Amino acid sequence: MEDVFSVLIIGLSVGGMYALLALGLALVFGILGFINFAHGELIAITGYATYFLIMSGMPFILVLVFAVLSAMIGAMAIERIAFRPIRNAYLTTGILTSFGLEMIIQSSWSNLISPLRLPIKRPDWLIQFWEIGDSGFSTYQGLAIVLTLISLIALSLFLKKTTMGLSMQAAAADFPVAQLMGIRANRVIATAFAISGLLAGIAAFLWIAQRGSCDPFMGFNPLIKAFIALVFGGMSRLSGAVIGGILIGFIEVGLRTYLPDSAVQFQEPIAYFIVIIILMRWPDGLISVFRKQE
Amino acid sequence: MLAIENITVNYGPIVALRDLSLTVSKGEIVALLGPNGAGKSTALKAIMGMQPLKSGQIMFEGKSINGLATENIVRRGMTMTPEGRRVFADLTVDENLILGAVAQKDKHAAEITKKEIFKMFPILEERRNQRSGTLSGGQQQQLAIGRSLMSAPRLLLLDEPSLGLAPLVVEQIFMLIQELKQKGNTILLVEQNTELSLAIADRGYICVNGRIEISGTSRQLAASSDVVNAYLGIEEKQD
């Protein structure tokens with residue numbers, strides 16, 4: 001029984017992180033029409049920002065704020081420098097540009113700082129373990145759930161209640177018609193990147209809190225998981241990213257907990273096998289299961 | 001108000017518009033008519049900056065708008081209700097109207113415009129909190145036109161507003177366009193329904209194969225309906 005409780009908490013915390021990343025991918029995909037594979041690099045930007053800010057002796061809470069903001073600024077800079085000049089090019093150009101960016105940023109950390117893993121000192125309260133019966137969870141795992149929840153609520157309020165949020169939905173649904181409303185393309189796209197960066201920064205903080213280190217390649221694995229989560233959940237709606245992310249988190253943590261020791265090394269292949277089977281039945285993602293009932 | 005001078009538009013190697021010229025004066029309804037694929041919609045897209053020009057000039061209220069982004073043209077006081085209505089189906093009627101007023105700086109004026117639109121289309125007020133995708137085709141067309149009016153345009157371009165609607169609804173839409181004119185709106189109307197368009201328009205242009213073949217007052221065009229039909233008919237056989 002305690003097992004179920006901790007799988008629930010840890011699954012939600014891991015899934016929440018994937019959901020935040022997948023949402024960022026989905027926001028940009030909705031408007032520009034391609035997956036930004038440089039999105040994972042925002043995690044590395046947050047990682048190095050955290051590392052250097054902690055070294056400078058800044059209090060941890062401030063480090064957290066600035067590190068998350070660095071991802072947002074990074075995302076806006078990426079849009080301005082790399083994606084805006086190719087706005088009207090073919091979609092393949094966008095995808096290739098995002099891959100190129102990913103490689104450039106990754107090798108910059110390797111060459112300019114270090115290819116090695118750098119330890120990040122986490123405050124004790126963050127990694128404190130709260131025992132519940134035979135199992136339990138750490139502060140950062142509980143924090144992950146709270147931060148994910150706050151982010152999701154804030155994002156949905158923003159999208160529904162503000163003109164900019166509505167403009168973003170309009171731009172995702174039909175960009176030329178959105179422009180016929182007088183909606184400013186540059187502003188909407190820059191905002192989409194800013195929000196996706198902010199969400200990535202929060203996800204990155206959760207990822208760093210869990211591993212306590214940074215390295216040039218730290219963004220790759222979460223990005224791939226988020227991408228899978230997005231396809232799994234469905235790309236036609238933002239809720240697909242959330243559902244996909246959280247389920248991928250549960251599948252991952254559930255398999256890690258319940259698989260016999262000899263099979264744990266096959267955890268990822270088994271997880272993806274499950275995903276593929278489900279996608280064969282619902283190729284448009286899980287969200288399409290709910291939509292058909294409408 | 002609007003003066004288009006010898007515009008040419010290409011889609012890759014295909015010439016979509018060839019040396020097309022037309023004018024719209026304040027307070028007029030001008031109909032741009034022609035068969036499917038004649039380039040009428042392309043002309044509207046070119047005016048709204050959604051399709052680049054190869055050559056020619058577009059003047060709005062005496063100033064060139066060549067090369068301006070769509071969003072800025074809307075801010076100059078001209079917008080288009082696109083073909084096929086294209087309402088934001090997942091958003092409510094109200095939200096669609098709010099978006100229509102994005103370019104409108106004066107939020108108080110936008111509120112007044114919205115009240116007028118609700119007066120003109122009572123069904124929209126009734127369904128203001130409903131997802132616009134659940135509206136009927138005719139209601140969606142009302143919403144699409146209402147949404148365009150929210151930016152308080154001095155010139156409104158309508159792209160095939162009667163397309164895909166039931167005959168009775170088509171008549172309602174044409175009556176509505178006439179009503180808009182009486183309220184002082186200036187309209188450039190693209191249509192395939194020649195008869196009804198000429199009935200409400202002041203002047204008309206017949207566009208075939210990307211070229212204006214005949215133009216004149218609606219009365220002149222209606223009187224020479226043989227010639228007009230010949231142009232439209234010939235094209236239909238080629239299709």
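As the structure is a prediction and not an experimental result, all values here were calculated from the model. Sequence lines set the chain letters: A, B, ... in the order given, protein chains first and strands last, and positions in each chain run from 1.
Of the options B:Arg86, B:Met80, B:Glu71, B:Arg147, a side-chain contact (heavy atoms from CB on, under 4.5 Å) to A:Leu180 is made by B:Met80 and by none of the others.
Within 6.0 Å of CZ in A:Phe34 there are more than 12 heavy atoms belonging to other residues, nucleotides or ligands. Shown here is A:Arg87, whose CZ atom has more than 12 heavy atoms of other residues, nucleotides or ligands within 6.0 Å. When the shell of 6.0 Å around CZ of A:Phe66 is examined, it contains 12 or fewer heavy atoms from other residues, nucleotides or ligands. For A:Arg84, the CZ atom is densely surrounded, since the number of other residues' heavy atoms within 6.0 Å is greater than 12. Enclosure of atom NZ in B:Lys107 by more than 12 non-hydrogen atoms of other residues, nucleotides or ligands within 6.0 angstrom is indicated.
Going from atom NZ of A:Lys160 over to atom OG1 of B:Thr92 covers 11.5 Å, rounded to the nearest 0.5 Å. Summarising the geometry, atom CD belonging to A:Gln169 is positioned 5.0 Å from atom CG belonging to B:Leu91; distances are rounded to the nearest 0.5 Å. The OG1 atom of A:Thr163 sits 7.5 Å away from the CG atom of B:Leu99 when rounded to the nearest 0.5 Å. Note that CE of A:Met181 and CG of B:Leu97 are 10.0 Å apart. Values are rounded to the nearest 0.5 Å.
Residues A:Gly182 and B:Ala103 share a closest heavy-atom pair of CA-CB, 4.2 Å.
Note on A:Ala170, A:Ala173, A:Ser167: by heavy-atom pairs under 4.5 Å with chain B, the leading option is A:Ala170. With chain A as partner, the option from B:Met50, B:Gln104, B:Met150 having the largest number of non-hydrogen pairs under 4.5 angstrom is B:Met50.
Counting heavy atoms from C-beta outward, B:Thr70 and A:Pro176 have side chains that stay 4.5 Å or more apart. Residues B:Phe88 and A:Val177 meet the side-chain proximity criterion, which asks for heavy atoms closer than 4.5 Å.
Interface residue B:Ile98: only side-chain heavy atoms are found under 4.5 Å from chain A.
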Could you please spell out the steps behind the side-chain contact (heavy atoms from CB on, under 4.5 Å) verdict for B:Asn72 and A:Arg184? CA-CA 8 Å; B:Asn72 293 326; A:Arg184 295 202 185 275; 3.0 Å; yes
